[in-house]
> 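Sharing a structure, written as structure tokens. Questions coming.
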Amino acid sequence: MKRVAILISGGGSNMLALVRDMDENHPARPVLVASNDPSAGGLAKAAALNIPTAALDHRTYPTREAFEADLAQHIDAASPDIICLAGFMRILTPGFIRRYEGRMLNIHPSLLPKYPGLHTHARALAAGDREAGCTVHEVTADLDAGPILGQARVPVLPGDSEETLAARVLTMEHRLYPAVLRRFAAGDRTPVLLP
Ligand code: GAR
């Protein structure tokens, strides 16, 4: 049985999708939900499901390294085999990434390699793209550029705003991330392609 730690910064809808998918037939189970923001809505949702949580406030640490050292302590205390970034909005240092190399995944709301970084939906709309989507990838030292483990596509519709497009993509994120984690936890890195 693989142990999964999930890092969040916000509402945690992707975290919930992962947790809900980890039923008795799943090769993994959640052992920790940690956030860099104590007010992240996902923390209460995880606690309500009896998953151990850790709330850190990155603003109270003198350096990025000091924050990450504390975060790593919480993670290592839970002995996870896999770390899932699920709406975790802090850039990680190469040292932190190296520590979890090969077992840290991230979901990003664009069809990578298009639009790494922020404001992905606004950028897709500004470019006049006809399709958008999301990507799950392995986390490497290059931001949003690690090996792709899955992608899901949605159409961009006439009249779309950043909000309507984000909502359409998010629905697919909730299908894609659990599908990738199931495969990854079973030792299979073949990319999941949806729909
Ligand atoms: C998701 O759309 C996720 O792809 C995005 O933040 C949202 C978190 O929502 N992540 C990034 O932009 C990472 N750079 P959630 O908290 O409801 O899962």
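Just so you know, residue 1 is the first one in the sequence shown, and it goes up from there. The model shown is predicted, which means the values in this text are computed figures rather than measured ones. Counting convention: from 1, in listed order, for ligands and their atoms alike.
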> With the criterion set at N/O pairs under 3.5 Å, what does the list of contacts between the protein and ligand 1 look like, atom names and distances included?
from	atom 1	to	atom 2	distance (Å)
ligand 1	2 (O)	Glu173	OE1	3.1
ligand 1	2 (O)	Glu173	OE2	2.9
ligand 1	4 (O)	Glu173	OE1	2.7
ligand 1	4 (O)	Glu173	OE2	3.4
ligand 1	16 (O)	Gly12	N	2.8
ligand 1	17 (O)	Ser13	N	2.8
ligand 1	17 (O)	Ser13	OG	2.6
ligand 1	18 (O)	Ser13	N	3.4
ligand 1	18 (O)	Asn14	N	2.9
ligand 1	18 (O)	Asn14	ND2	3.0

> Would you say that Phe96 contacts Arg90 through its side chain, given a criterion of any heavy-atom pair below 4.5 Å between the two side chains?
no
> What side chain to side chain donor-acceptor pair (under 3.5 Å) pairs are there with at least one residue in residues 115-125, not counting sequence neighbours?
Tyr115-Asp129
> Check whether Ser35 reaches the backbone of Ile8 with its side chain - one donor and one acceptor, N or O, closer than 3.5 Å.
yes
> Where do Ile107 and Ala86 come nearest, in terms of heavy atoms and distance?
CG2-CA, 4.3 Å
> For His174, what residues pass the side-chain hydrogen bond (donor to acceptor under 3.5 Å, both in side chains) criterion, not counting sequence neighbours?
Ser13
> According to side-chain contact (heavy atoms from CB on, under 4.5 Å), who are the partners of Glu101, at least two apart in sequence or on a separate chain?
Arg98
